[in-house]
Each structure stands twice: as C-alpha cells, then as structure tokens.
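So that the names make sense, note that chain A is the first sequence line, chain B the second, and so on, each numbered from 1.
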Number of protein chains: 2
Amino acid sequence: MSLAPTHISTIRELFFRYGLKSMTMDELARQLGCSKKTIYEHYSDKKVLVHAALGGFLNEHRGEMAALDQNSDNAIAKLIRMAAIGFQKMRNLTPTLLFDLQKSYPELWMELERYRKEEIVGIFKRLIERGQQEGLFRQEIDPSVVSIMHLQHTNLLLDPVVFSHLNHPIANIFHNIMEVFVGGITTPSGLEVWNTTKAQMNLHP
Amino acid sequence: MSLAPTHISTIRELFFRYGLKSMTMDELARQLGCSKKTIYEHYSDKKVLVHAALGGFLNEHRGEMAALDQNSDNAIAKLIRMAAIGFQKMRNLTPTLLFDLQKSYPELWMELERYRKEEIVGIFKRLIERGQQEGLFRQEIDPSVVSIMHLQHTNLLLDPVVFSHLNHPIANIFHNIMEVFVGGITTPSGLEVWNTTKAQMNLHP
DNA sequence: ATCTTGAAAACTTTTTTAGTTTCTAAAGTT
DNA sequence: AACTTTAGAAACTAAAAAAGTTTTCAAGAT
C-alpha cells in the first residue's frame, strides 16, 4: 500500500505536464518511484487512473466554486475570485492534454465539455443574476446570453492558435478580456466596485 | 508537390504544440490537409521530418543571433535583444516536447543540448567580453563563468517544476532573473545604459 | 484522350504500450 | 530464526497503435 491517495495529485500533475500519451504507465511508475504492479493494485487500468486524476480536478473546482458563495461580499468580488481560480486552473489544460483527451478518452472529454457548458455556465448565470439584484450589473442584459458569452471567452483562451501570433503573455489577454467584459455588463456603480475591489485583491499576482 | 517547403514551419508548430508522440504521421497529414504519401515523398521517415522541423528552429535562432552583431549599438542593447529572442523561442519548448525529444529522439536532444552548452554559451561569452571593452560590464567578472551562469538561468526557465509553485507568469520570472543578473555584472554606467535602453525598447510587450 | 498528381483509405509490418507474471529483497511478525 | 507479507525490478505476453506502403480514384494538366 505504498501508493497513498495523495499520489493521485502527483499523477495528475504528470498528466497535465506531459499529456496522456507521453505519460505511459511505465514512465508513470518510474516517476512515482514505484512499480507498475503497485499502480495496478489501486487502479484497474489506465482509463480508470486517468478518470480518477482528471475527475478529481473537476471536483476540486466544483468545491472551490461552492465555497465562493459564502465568502464573497458581492457579485463582483465573487466574479474576480471565480476568474482568478478559473484562469489558474485553465493554465493546466495544455494543448497536448486536451488533444490526447479528445482523441483517446472521448467520454472524459465530453464530461469536461459538459462541465463547462452546463455547470460553469450555470454558476455564471446565477452570479450575473445576483449582481443584477445588487445593482452592480445592468438590468437590460440577459444572464443566459452573458453566461454563454463567458464560455466563449474561455474557449478563446484554451485555443492555442487564436492569440498566439500576438505573442502576448496569456495573463495580459485574460485581463483584457475581463476588462471589456466587465465594462460591458456593469452599471456605473458596479464599475466603481470593480475598480476598487480589483485594486484591493491585486488580481495581478 | 503540394507540400511546399513553407509547410515545414507548420509542421514545426504542430510538433511544438502537441509534442512528438501525440503528433502522429496520420494526424500530421490530417492537420496539413494532405496524405501521408505526400509527406513521405518529401521526408523518408518521421525521424528525418522531426530533424528537419527542429533543426530549422536551431538554424533560425543561429541566424537571428548572427544578425544581432551588426544591429546592436552596444553590448547591453544586444543583451536585451538576445534575451527577448531567446525567451520567445524558449516558450515553444514545452515540457511535452522536451520529454518526447529526450525519450524518442536522443540524438536530436543531444544536438539541442550541445547548441545551448556550446554555441549559446559562446555567443554569450563574447557578448560579455564586448561589454567589458565598452566599460558596461565590470572587469573583475570572468566571461566564462558568467556565460555558464546564464545557461543555468535558462535551465531554470525550462524546468516546469522549479517555479511552478509560485504561480507567477513566466515573463515575470524571466524579468526578475534578468534584473538580478544584469545588476550583478554591470558597472554603474552600464546599469544606467541598461535602464534607459530597457525603457526605449519596451521589453515588456 | 492520356498522363500526372495527390488525396483517401485499405493494408502490412513494426514498434510500443498496457497489463500480467515471476522473482527477489527487505521488513515485520510470530 | 523461520515465516509471511509487501513492493520494486524486470521479464513477458497480448493488444493496440503507429510507421510506412500500396492501391484506388478523381481532378487537373498536357
């Protein structure tokens, strides 16, 4: 039983870093300093292992999103935290990983897509509604439309081709997108809250 | 002859983006919109193709480095340009690519290592010597030592583990390393040139 | 009308990898 | 001290995948 459950996060990191194809079971065992046999005692096959590693990733994000509801004073503070978490998580989703996922683990790929299209969009929609109630986001905008726009923004960031010719740091692009987006949905008072909260939380780490 | 030589840069991009293992010959043909047959008419096997794609990368860098000698007013201007080019090139060297290279194309991996350890270090050493003649870098420092230090700095940036826990944008880390390094080797007048030249060339794109 | 070209796809061969088994050494147990 | 368990190392097998080849077919050129 030398493969403690904490090792699953190490495995996840290796998958994120090198992709699912390059990270073979032999290589994985070598990196973990254990034998393949030990891995197979905990996970019946590679598919199960990949699901465990990447499913945990989704669950973590789900948990962090749930925690935000309590901790956030207003919709804009929550938006900033959501964005920061989401951005950080997305940086792990390298082109290779997404490519391998789509090709070799389509059911997991579809689960990721579903998570983004349904759960994230849902969370975002409720966030917009809350912000409208708080007078921070304009009443005229439709939360359903805006939440789907947000999904498109994350798609932009995940696509390695779209902004690559600009050679900008991805963080810059992200901040630009956020500025335009927030400017587009906030009321004047909401925009003020955005600017002050942003400064307090130093979004640029 | 539908596989124009310009396509080799597209192939290179695909290798960079997805690694050498995930990018199979079938997938490559699909992405290029041609048949495997056509690829094999130009490149006898995958190894040759990988060498062509990645060897071109080195040659380009070699060319850019050579061009710098003419274009740069002083050693510090050249250093800034060198660093910018090197940093941009290095961003393409993803963990997956380096991993696949090391595992499946060891002779090419060694060529890359040699290029860094010999050619880059040599270029750097001559740059330091020039800077000393221009009174920008301190006489006491040994160009041979400093150039090897610089190699270690690039190693730091290529290793995905070292700074990952900081969650800083890689560009920030790079600028920090540069600041410390330059501060360590410049004379007072050199430091002035560094600060003014840096501002003129806007290193932060 | 004939020839060439290259994509599409079927096909073969080779390599790689997943998954299993065997062996051995070390640690703990009785 | 003999015995049992545990896990790594490594050899092994079976299956999958990828490299590389060949055939077919359609479109454009001669």
Margin query: OP1 or OP2 of C/dA18 versus the side-chain N and O atoms of A/Lys46: is any pair under 4.0 Å?
Written below: yes
Next item on the list: With DNA chain C as reference, determine whether A/Thr24 or B/Lys36 sits nearer its 5' end, using the nearest nucleotide of each.
Entry: B/Lys36
Notebook entry, point to check: Has the side chain of B/Ser147 got a donor or acceptor atom that lies under 3.5 Å from a matching backbone atom of B/Ser144?
Noted result: yes
Item checked: Distance in angstrom units between A/Asp45 CG and C/dT20 C1', rounded -> 13 Å
Notebook entry, point to check: Rounded to the nearest Å, what distance is computed from the NE2 atom of residue A/His42 to the C1' atom of nucleotide C/dA18?
Noted result: 18 Å
Checklist line | d(CG, A/Asp26; P, D/dA16) in whole Å | finding: 17 Å
Next item on the list: Whole angstrom is fine here: how far is it from CD in A/Glu41 over to C1' in D/dT6?
Entry: 8 Å
Margin query: Quick check: on DNA chain C, is the nucleotide nearest B/Lys37 upstream (toward 5') of the one nearest B/Lys103, or the reverse? Name the residue that is more 5'.
Written below: B/Lys37
Check: Does OP1 or OP2 of C/dA7 have a side-chain N or O of B/Thr38 closer than 4.0 Å?
Finding: yes
Next item on the list: Looking only at non-hydrogen atoms, find the nearest pair between A/Asn74 and A/Val193 and report the distance.
Entry: ND2-CG1, 4.0 Å
Checklist line | Whole-Å gap separating C1' (C/dT5) and CD1 (B/Ile39) | finding: 16 Å
Next item on the list: Check the distance between C/dT16's C1' and B/Lys47's NZ and give it to me in whole angstrom.
Entry: 17 Å
Margin query: Among C/dG19, D/dA9, D/dA19, which nucleotide has an atom closest to any side-chain atom of A/Ser35?
Written below: D/dA9
Check: Is there side-chain contact between A/Ile177 and A/Leu157, with heavy atoms separated by less than 4.5 Å?
Finding: yes
Check: In whole angstroms, how far is the C1' atom of C/dT20 from the OH atom of A/Tyr40?
Finding: 9 Å
Check: To the nearest Å, how far apart are A/Leu28 CG and C/dT16 P?
Finding: 19 Å
Check: Nearest heavy-atom pair of B/Ala75 and B/Leu127: which atoms, and what distance?
Finding: O-CD1, 3.3 Å
